[in-house]
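Along the sequence shown, residues carry numbers from 1. Since this is a predicted model, take the numbers as computed values, not measurements.
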Amino acid sequence: MQGHLSAWLVKHGLIHRSLGFDYQGIETLQIKPGDWHSIAVILYVYGYNYLRSQCAYDVAPGGLLASVYHLTRIEYGADQPEEVCIKVFAPRRDPRIPSVFWVWKSVDFQERESYDMLGISYDNHPRLKRILMPESWIGWPLRKDYIAPNFYEIQDAH
């Protein structure tokens, strides 16, 4: 089933894949990493001026990684803002997705957290470095194939 935004993107020749609607009726679209930055700019100009959240997850052990963006179109006088969910999938070996920091500045810490926990590299992000884990940490803790190191010490816990 194709939603309003998906139909608009098709009309303007923008490549994507409709993933249907979530339980709240919010349209979900899949965008290829190479197309994401240009489509993000187009969505911003179209009126999706608020990035509500960005997160990432590991689809399956050894499989793809996903970066998820929840966008809202806020217009004066509108009864209900339009929302859309964008999913950008990246290969596990070299997960690279264009950063949308220069479109929505609020994505700064959220893309950094996705990098820190899953190892997704956001190209052209101005400060892409670990935000939760120490810089010396090895690996990506939220990947399903992550093996936790066996050196936790509780001496600093009190």
Side-chain angles (χ1 to χ4, degrees), residues 1-10 13-44 46 48 50-73 82-153:
M1 177 186 261
Q2 192 177 56
H4 171 72
L5 182 59
S6 183
W8 186 85
L9 291 171
V10 167
L14 300 168
I15 299 170
H16 69 287
R17 179 175 167 220
S18 178
L19 299 177
F21 297 86
D22 71 5
Y23 71 99
Q24 294 178 313
I26 297 172
E27 186 173 12
T28 303
L29 304 175
Q30 178 182 343
I31 308 290
K32 291 182 181 177
D35 299 331
W36 173 225
H37 189 267
S38 58
I39 290 180
V41 170
I42 290 165
L43 291 175
Y44 184 85
Y46 183 69
Y48 285 91
Y50 178 62
L51 182 127
R52 191 178 50 180
S53 68
Q54 183 276 333
C55 63
Y57 66 94
D58 189 346
V59 177
L64 298 171
L65 301 174
S67 187
V68 183
Y69 302 82
H70 296 273
L71 307 174
T72 304
R73 184 177 182 186
E82 282 183 44
E83 297 181 47
V84 67
C85 175
I86 305 290
K87 293 187 177 187
V88 183
F89 294 96
R92 175 179 232 81
R93 284 199 184 277
D94 186 23
R96 303 186 78 79
I97 295 173
S99 174
V100 291
F101 174 83
W102 301 107
V103 181
W104 297 284
K105 297 271 194 285
S106 61
V107 81
D108 184 13
F109 287 0
Q110 296 170 57
E111 284 184 344
R112 285 181 59 192
E113 182 179 355
S114 296
Y115 166 72
D116 195 6
M117 296 288 105
L118 292 155
I120 299 172
S121 183
Y122 292 92
D123 296 337
N124 296 319
H125 189 286
R127 292 176 291 278
L128 191 64
K129 61 181 183 175
R130 291 197 181 267
I131 192 169
L132 299 171
M133 305 303 287
E135 285 293 328
S136 60
W137 195 266
I138 298 171
W140 315 108
L142 289 185
R143 286 193 181 187
K144 291 182 179 176
D145 55 1
Y146 178 72
I147 299 172
N150 197 11
F151 60 80
Y152 293 111
E153 295 185 21

Can you measure from [atom1] ([X]) to [atom2] ([Y]) and round to the nearest 0.5 angstrom?
| X | Y | atom1 | atom2 | answer |
| --- | --- | --- | --- | --- |
| Leu9 | Glu27 | CG | CD | 8.0 Å |
| Leu128 | Asp108 | CG | CG | 9.5 Å |
| Leu14 | Trp8 | CG | CH2 | 6.5 Å |
| Leu29 | Ile39 | CG | CD1 | 9.0 Å |
| Ser121 | Asp94 | OG | CG | 7.5 Å |
| Trp36 | Ser99 | CH2 | OG | 10.5 Å |

[X] to [Y] - nearest heavy-atom pair and separation:
| X | Y | result |
| --- | --- | --- |
| His125 | Arg112 | CE1-CG, 3.7 Å |
| Val100 | Glu111 | N-OE2, 3.2 Å |
| Ile131 | Asp116 | N-OD2, 3.1 Å |
| Gly119 | Pro95 | O-CG, 3.3 Å |
| Ala56 | Ser114 | CB-OG, 3.4 Å |
| Tyr48 | Arg73 | CD2-N, 3.6 Å |

Quick one: list whatever passes ring pair (Phe, Tyr, Trp, His ring centres under 6.0 Å) with Tyr115, sequence neighbours left out.
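Partners of Tyr115 by the ring pair (Phe, Tyr, Trp, His ring centres under 6.0 Å) criterion, ordered by chain and then number, come out as Trp140.
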
Test item: His37 and Val103 side chains (from C-beta on) under 4.5 Å apart, heavy atoms:
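Yes, at least one pair of side-chain atoms sits under 4.5 Å.
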
Report yes if the side chains of Cys85 and Val68 come closer than 4.5 Å at any heavy-atom pair, otherwise no.
yes

Can you spot which of Ile120, Leu118, Asp145 makes a side-chain contact (heavy atoms from CB on, under 4.5 Å) with Arg92?
Asp145

I want to know whether Trp104 and Tyr69 have ring centres closer than 6.0 Å.
no

I would like to know whether Gln110 and Leu51 meet side-chain contact (heavy atoms from CB on, under 4.5 Å); could you show each step before the answer?
CA-CA 11 Å; Gln110 296 170 57; Leu51 182 127; 4.0 Å; yes

What do you reckon, is NZ of Lys129 surrounded by more than 12 foreign heavy atoms closer than 6.0 Å?
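No.
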
Around atom CG of Leu132, are there more than 12 heavy atoms of other residues, nucleotides or ligands at under 6.0 Å?
yes

Once the angle between the rings of Tyr57 and Phe89 is folded into 0 to 90°, is it parallel (under 30°), tilted (30 to 60°) or perpendicular (over 60°)?
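Plane angle over 60°, so perpendicular.
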
Set out, in order, the CA-CA distance, both residues' side-chain angles and the distance that settles side-chain contact (heavy atoms from CB on, under 4.5 Å) for His16 and Val10, then state yes or no.
CA-CA 8 Å; His16 69 287; Val10 167; 3.6 Å; yes

Let's go through His4 and Glu82 carefully: what are the C-alpha distance in whole Å and the side-chain angles of both, what is the deciding distance for side-chain contact (heavy atoms from CB on, under 4.5 Å) to 0.1 Å, and is it a yes or a no?
CA-CA 10 Å; His4 171 72; Glu82 282 183 44; 3.8 Å; yes

Tell me if a side-chain donor or acceptor on Arg96 pairs with a main-chain N or O of Pro33 at a distance below 3.5 Å.
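Such a contact is absent between Arg96 side chain and Pro33 backbone.
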
Side chain Trp137, main chain Arg130, donor-acceptor under 3.5 Å
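Between the backbone of Arg130 and the side chain of Trp137 there is no qualifying donor-acceptor contact (under 3.5 Å).
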
With Lys32, which residues qualify under side-chain contact (heavy atoms from CB on, under 4.5 Å), at least two apart?
Asp35

Quick one: list whatever passes side-chain contact (heavy atoms from CB on, under 4.5 Å) with Tyr50, sequence neighbours left out.
Arg52, Thr72, Ile74

Donor-acceptor pair between Tyr122 and Gln54 side chains, under 3.5 angstrom:
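Distance-only check passes for Tyr122 and Gln54.
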
Got a salt bridge between Asp58 and Lys144, using NZ or NE/NH1/NH2 to carboxylate O under 4.0 Å?
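No, this pair does not count.
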
